[in-house]
Structure formats: structure tokens, C-alpha cells
Amino acid sequence: MHRNQINELLNIKYPIFQGGMAWVSDADLAGAVSNAGGLGIIAAGNAPADWVKSEIEKIKKITSNPFGLNIMMMSPFKDDVCQLAAEMKVPVVITGAGSPGGYLELWKKNNIKVIPVCPSTSFAVRMERYGADAVICEGTEAGGHVGQLTTMALVPQVVDAINIPVVAAGGIADRRGAAAAFMLGASGVQVGTRFLVSKECNAHKNFKEKIIGAKDVHTVVSGLNTGHPVRSIKNSLTNKFKKLEKERAPMDEFDNVGKGALRKAVVEGDIKTGSLMAGQISGLIKDEMSCDEIIKEIIDGAYDLIRSYK
Ligand code: TUI
């Protein structure tokens, strides 16, 4: 039998990562995914290091399986969180929204597996040269902060350019998406939005219901002109962003409107003015499932599909 490279590298049962979603991916969600045999990932987002520390302590009580910490490189607390990851020797660090730069060496010294999210082939080539263990290629179908390329175009180009394993992300929520990713040469998949609508996810039910009710065309990318484009479900907030873009408003107006908006959606369930970061695949998600069910549907389902293909 062919041993999956990502499973071997990380010592996990199923080659599936739960995306690190700011405010959403806490120890409860990540612990449930790791217990079910995937790689659960805590998202540091813009949180201070003491919150991240307490979530790491919490997940260690929930699971003895490997887990990851997603560090958002635009966070004001990124330096503290990067140090914390090394001190606590988290099994896997995933970086997003920027380059891990000099921290890669520190983490490698501490035996931490490092997997940067890459929006382009040149970035992936650079990460391999710096010593990354694998990369995540995230297409613009994903929710939250996005690059320009689609998963379909990005994944095979990166697979051909590097020799470390590639994990595909963006637009994957069921067995068909995972099977397609494997066919593009990916060794694993990262799934965000589908896990947001899971039983173990603490996100507000209003947010989950908004995803369940979404159609394929209901997400939009805001803030292209800010340099930090974000995909989310259309609402008053995204309309406001559109207006600001048309008016070519100064950056601080975008910051003022967007400040605290993700917390509002995830914690308070404010679906009007909160930021409903979610991927284009939202339209495919019709019900809440347990993390265990999601993982088996996606990975066992993908293997079944590939085996039955003639
Ligand atoms: O990071 C994400 N998605 C996110 S982060 C986030 S939190 C946030 N909150 C408010 C405003 C903005 C963000 C929500 N969603 N995905 C991983 C990802 N990384 N997508 C794209 C990239 C990326 C982009 C540029 C990675 C590296 C990069 O490097 C540029 C360079 O050359 O340094």
C-alpha cells in the first residue's frame, strides 16, 4: 500500500487538516479533529500569546494526538506567539498571511514541523529552500485572507516545482474536492468552512446557519485595494466595504469598519455587521456534522471515489 507522505510526516491517520480560522479554531474544535485522526489546528489570529498558551494547554488535555498552531503573520502579537510556539514545542506550526522568515530556523531547532501557507509557486519554492517540511497551497476559493490563484491552477504547479509534500486548500468540503486535490498531486487537504459547521465548533449558530443557507455566489472578496483581500459572505459589512472601495476611502476607514467584525460574527452571531469569513464552497454545506463524520466522508469517501473510477 502507498503510504501517504503527510500521514508519515506528521504521524496522523487521515491526511486532512482543519483550517486555522481566527476566533473559530479553538482547542475544542482542533482537539476534536485531532482525536478523529486529522490534524486539528488552533488559530492564533490576532490573539495575544497568553490566550494562545491557554488553548495549547487545553488541547493537550483533550488529545494526545498531534495538533498544529496557525500563526497569522500580520498579527500585532506575532513575535510573542512565534516564541511561544518554540517554547511550548507545539508539534506543527502553520503560518499564513505572510512569510515565517527567520522563525523557521528557531522552530526547526525545536523539532517543530513547519508548514507555511503559500499563495504562489515562487513562495513555495522559497519556503522549501528555507527548510519547510511541507506547504499548504491555498486557492482564492478559500474564506478569509486570500491570494489570487485558484486551487486548481496553484496545486499542480507547486507540486511540479518542489519536492516536499503539498496540502491543497480552498474550495474543498467533500469527497469530490479531496479526490480532485489528490489527482492534482496533493498529499493532503486542508478544510476550513466545512469544519466551521461542525458539532464541535463553538462558532455562533447564526454564523453556521448563514453558511448552510448560502448559495455558490454569496461570497465576495473585499479590500482588494487594501492589500489584504478577504473573502466573506455578503452582508451590510461587505456592502460598506464596497462603498468605501468605490469612494477610494483612506485605509484607516477600512480599518475602522473592519475592526472587531470577525469576533462580532463568530462570538456574538451578528450576521449583519460581523465579518462572515467563509469559502466559496459554503453553498455545498447543508448540515452540521461531527468532525469524525466529516473526516470519514471526505477522506474515506475520496479513496472510494478514486478506487471506483474507470
Ligand atoms: O491567512 C489566511 N487566512 C486568513 S488570516 C485571517 S485573520 C484576518 N483578520 C482580519 C483581516 C485579515 C485577516 C483570516 N483569514 N490564509 C492563509 C493565506 N496566506 N492566504 C494567503 C496567504 C499568504 C499571502 C501572502 C501567505 C504568504 C504571503 O506572502 C507574501 C510575501 O511574499 O511575503
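All ligand and atom numbering here is 1-based and tracks the order in the structure.
Nearest to atom 7 (S) of ligand 1 among the protein's heavy atoms is M72 CE, 3.8 Å. Nearest to atom 13 (C) of ligand 1 among the protein's heavy atoms is M74 CE, 4.0 Å. Atom 31 (C) of ligand 1 has its closest protein heavy atom at F123 CE1, 3.6 Å. Looking only at protein heavy atoms, the nearest one to atom 10 (C) of ligand 1 is M277 CE, 4.0 Å. Looking from atom 15 (N) of ligand 1 to the surrounding protein, the closest heavy atom is H145 N, 2.9 Å. If you check which protein heavy atom lies closest to atom 18 (C) of ligand 1, you get V117 CG1, 3.5 Å. Of all protein heavy atoms, the one lying nearest to atom 24 (C) of ligand 1 is P119 CG, 3.7 Å. Looking only at heavy atoms of the protein, atom 11 (C) of ligand 1 is closest to V230 CG2, 4.2 Å.
For ligand 1 and G144, the ligand atoms under 4.0 Å from any heavy atom of the residue are 14 (C), 15 (N). Residue G98 has at least one heavy-atom neighbour below 4.0 Å for each of these atoms of ligand 1: 23 (C), 26 (C), 27 (C), 28 (C), 29 (O). Heavy-atom proximity to R126, at under 4.0 Å, picks out these atoms of ligand 1: 32 (O).
One finds no salt bridge joining K205 and E209 here, because no Lys/Arg side-chain nitrogen approaches an Asp/Glu carboxylate oxygen to under 4.0 Å. Using a 4.0 Å cut-off between charged nitrogen and carboxylate oxygen, D292 and K296 count as a salt-bridge pair. For the pair K109 and E105, the salt-bridge criterion is not met [side-chain N within less than 4.0 Å of a carboxylate O]. Between R307 and D304 there is a salt bridge, since at least one side-chain N of the basic residue sits less than 4.0 Å from a carboxylate O of the acidic one. Between R194 and D287 there is a salt bridge, since at least one side-chain N of the basic residue sits less than 4.0 Å from a carboxylate O of the acidic one.
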One pair to check against side-chain contact (heavy atoms from CB on, under 4.5 Å): R263 and E268. What are the steps and the verdict?
CA-CA 7 Å; R263 182 187 178 282; E268 293 167 21; 2.7 Å; yes

Candidate pair K61 and E57, rule salt bridge (Lys or Arg N to Asp or Glu O under 4.0 Å), full reasoning
CA-CA 7 Å; K61 293 194 186 116; E57 283 164 354; over 6 Å; no

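A single hydrophobic cluster is seen to contain both I56 and Y103, as judged by linkage of ILVMFWY side chains at heavy-atom distances under 4.5 Å, directly or through other members. Grouping the Ile, Leu, Val, Met, Phe, Trp and Tyr side chains by contacts below 4.5 angstrom, directly or via other members, places L104 with L84.
Considering both main-chain and side-chain atoms, E138 comes within under 3.5 Å of ligand 1 through a nitrogen or oxygen pair. Between A97 and ligand 1, a contact under 3.5 Å exists for at least one N or O pair.
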